[in-house]
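Comments concern the structure below.
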There are 2 protein chains.
Amino acid sequence: MGNADYEQLLRGASLRVTRPRVAVLGAVTEHAHADTETILGAVRERLPDVSHQAVYDSLAALSAAGIVRRIQPSGSVARYETRVGDNHHHVVCRSCGRISDVDCAVGHAPCLTASDDNGFVVDEAEIIYWGTCPQCQAAQLEN
Amino acid sequence: MGNADYEQLLRGASLRVTRPRVAVLGAVTEHAHADTETILGAVRERLPDVSHQAVYDSLAALSAAGIVRRIQPSGSVARYETRVGDNHHHVVCRSCGRISDVDCAVGHAPCLTASDDNGFVVDEAEIIYWGTCPQCQAAQLEN
DNA sequence: GCCCGTTTCTTGACTCATTCAAGATTTCGC
DNA sequence: GCGAAATCTTGAATGAGTCAAGAAACGGGC
């Protein structure tokens with residue numbers, strides 16, 4: 001994706017096209033599951049003088065528009081990704097925090113139907129699988 | 001549940017029985033989904049002089065032992081509950097943050113099997129349903 | 001292409017949940 | 001009861017994220 005594509009995305013969501021936003025969108029696309037600090041670093045490779053606030057604001061605007069998704073497993077800082085709306089989920093490593101994508105096993109939005117929703121109107125089901133990543137499994141065997 | 005039961009639980013998990021831990025366990029049992037501050041307040045009704053650190057330590061010990069579960073939806077502080085090991089999940093209200101329990105629709109641990117786990121060894125599937133609670137639905141209709 | 005109202009960005013201070021550290025106290029097997 | 005190890009108290013520190021005020025940039029309309 002080039003900057004032109006990012007601009008398209010922004011305009012399509014009725015968002016103003018600003019340099020920080022384009023750079024943030026690029027950074028999130030290139031660094032899936034990156035935390036805010038990583039994104040800030042990546043953005044500053046293109047725009048050395050962006051403020052961290054601009055990055056926070058951009059991420060919030062992009063999330064609200066549904067262009068990026070914010071994920072935050074327990075014990076982790078906020079992370080972002082651009083794969084949205086395809087009903088995929090995440091596996092998180094308990095020991096190193098690594099995150100991987102997992103496509104939904106059962107077709108489309110299977111878990112969206114709770115047995116008893118207590119009167120809540122549910123619009124999204126978020127699934128996080130907890131476990132151990134291959135690297136940490138290997139590391140544990142060595143000890 | 002009385003204190004004797006809590007002590008049993010602690011001993012059963014090979015944890016030392018201390019007054020802060022018993023009080024914390026009681027507070028979490030009585031206030032499902034409470035955040036740390038609420039728990040601290042509840043604990044201090046019994047033990048006025050506990051330090052916040054003791055509460056943090058107790059919660060960490062109880063979580064590690066599997067007696068309480070820590071949940072932390074995006075944008076929320078850490079919350080705790082004592083219903084563990086029964087494969088139930090949560091609905092979180094996007095506007096007020098209220099949390100309700102949801103029993104798993106499909107029997108036991110259905111979503112535990114990811115289609116492609118990327119080599120991760122998965123031991124738990126955590127599901128969070130996002131939506132709007134009855135109260136907030138009513139409030140929105142009024143506006 | 002330029003103007004102007006609105007949105008967004010910069011700067012810098014601030015909040016607050018959580019963690020860290022050192023020393024005092026408590027627990028529990030013996 | 002005794003002593004080693006775990007736990008608690010006290011108090012300071014960390015750090016992701018937020019708030020606020022003014023400056024700059026965006027883009028619709030001329």
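Naming: A, B, ... by sequence-line order, numbering from 1 per chain.
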Legend entry - Base-contact (B) and sugar-phosphate-only (S) positions in nucleotides 23-30 of chain D, heavy-atom cut-off under 4.0 Å, - elsewhere: --BBS---
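Each of C:dT18, D:dC8, D:dG17 was ranked by its minimum atom distance to the side chain of A:V77; first place goes to D:dG17.
Here A:H33 and A:H31 keep their ring centres 6.0 angstrom or further from each other.
Remark: the A:E81 side chain and the A:H90 side chain contain an N/O donor-acceptor pair separated by less than 3.5 Å.
The neighbour count for A:R19 CZ, taken as heavy atoms of other residues, nucleotides or ligands under 6.0 Å away, does not exceed 12. Counting heavy atoms of neighbouring residues, nucleotides and ligands inside a 6.0 Å radius, atom CD of B:Q8 does not exceed 12 of them.
Among the atoms of the strands shown, none is found under 4.0 Å from any heavy atom of B:D35.
Under the 3.5 Å distance criterion, the side-chain polar atoms of A:D101 are left unmatched by any main-chain donor or acceptor of A:H88.
Looking at residues two or more places apart in sequence or on another chain, you find a side chain to side chain donor-acceptor pair (under 3.5 Å) between A:R79 and A:S76. By the side chain to side chain contact (heavy atoms under 4.5 Å, CB included) test, B:E37 pairs with B:D35, sequence neighbours left out. Legend: residues meeting side chain to side chain contact (heavy atoms under 4.5 Å, CB included) with A:V121, ordered by chain and number and at least two apart, are B:Q137.
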Inset, instruction - Decide side-chain contact (heavy atoms from CB on, under 4.5 Å) for B:V84 and B:I67; before the verdict, give the C-alpha distance in whole Å, the side-chain angles of both, and the deciding distance to 0.1 Å. - result: CA-CA 7 Å; B:V84 296; B:I67 295 176; over 6 Å; no
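With a 4.5 Å cut-off on side-chain heavy atoms, B:Y129 and B:H89 count as touching. Between A:L62 and A:L10 the shortest side-chain heavy-atom distance falls below 4.5 Å.
Following rounding to the nearest Å, B:L40 (CG) and C:dT18 (P) show an atom-to-atom distance of 11 Å. Here the P atom of nucleotide D:dA16 and the CZ atom of A:R70 are 13 Å apart, to the nearest Å. Taking atom CD1 of A:I71 as the reference point, atom P of D:dA16 lies 17 Å away to the nearest angstrom.
Taking five base pairs at each end of the helix from C:dG1-D:dC30 to C:dC30-D:dG1 and finding the rotation axis that steps the C1' atoms of four pairs onto the next four gives two axes whose angle is 50°, to the nearest 10°.
Annotation: of the two residues near DNA chain C, A:S51 and B:S76, the 5′-most nearest-nucleotide partner is A:S51.
Within residues 52-66 of chain B, the residues having any heavy atom closer than 4.0 Å to DNA chain C are, in order of number, B:H52, B:Q53, B:Y56.
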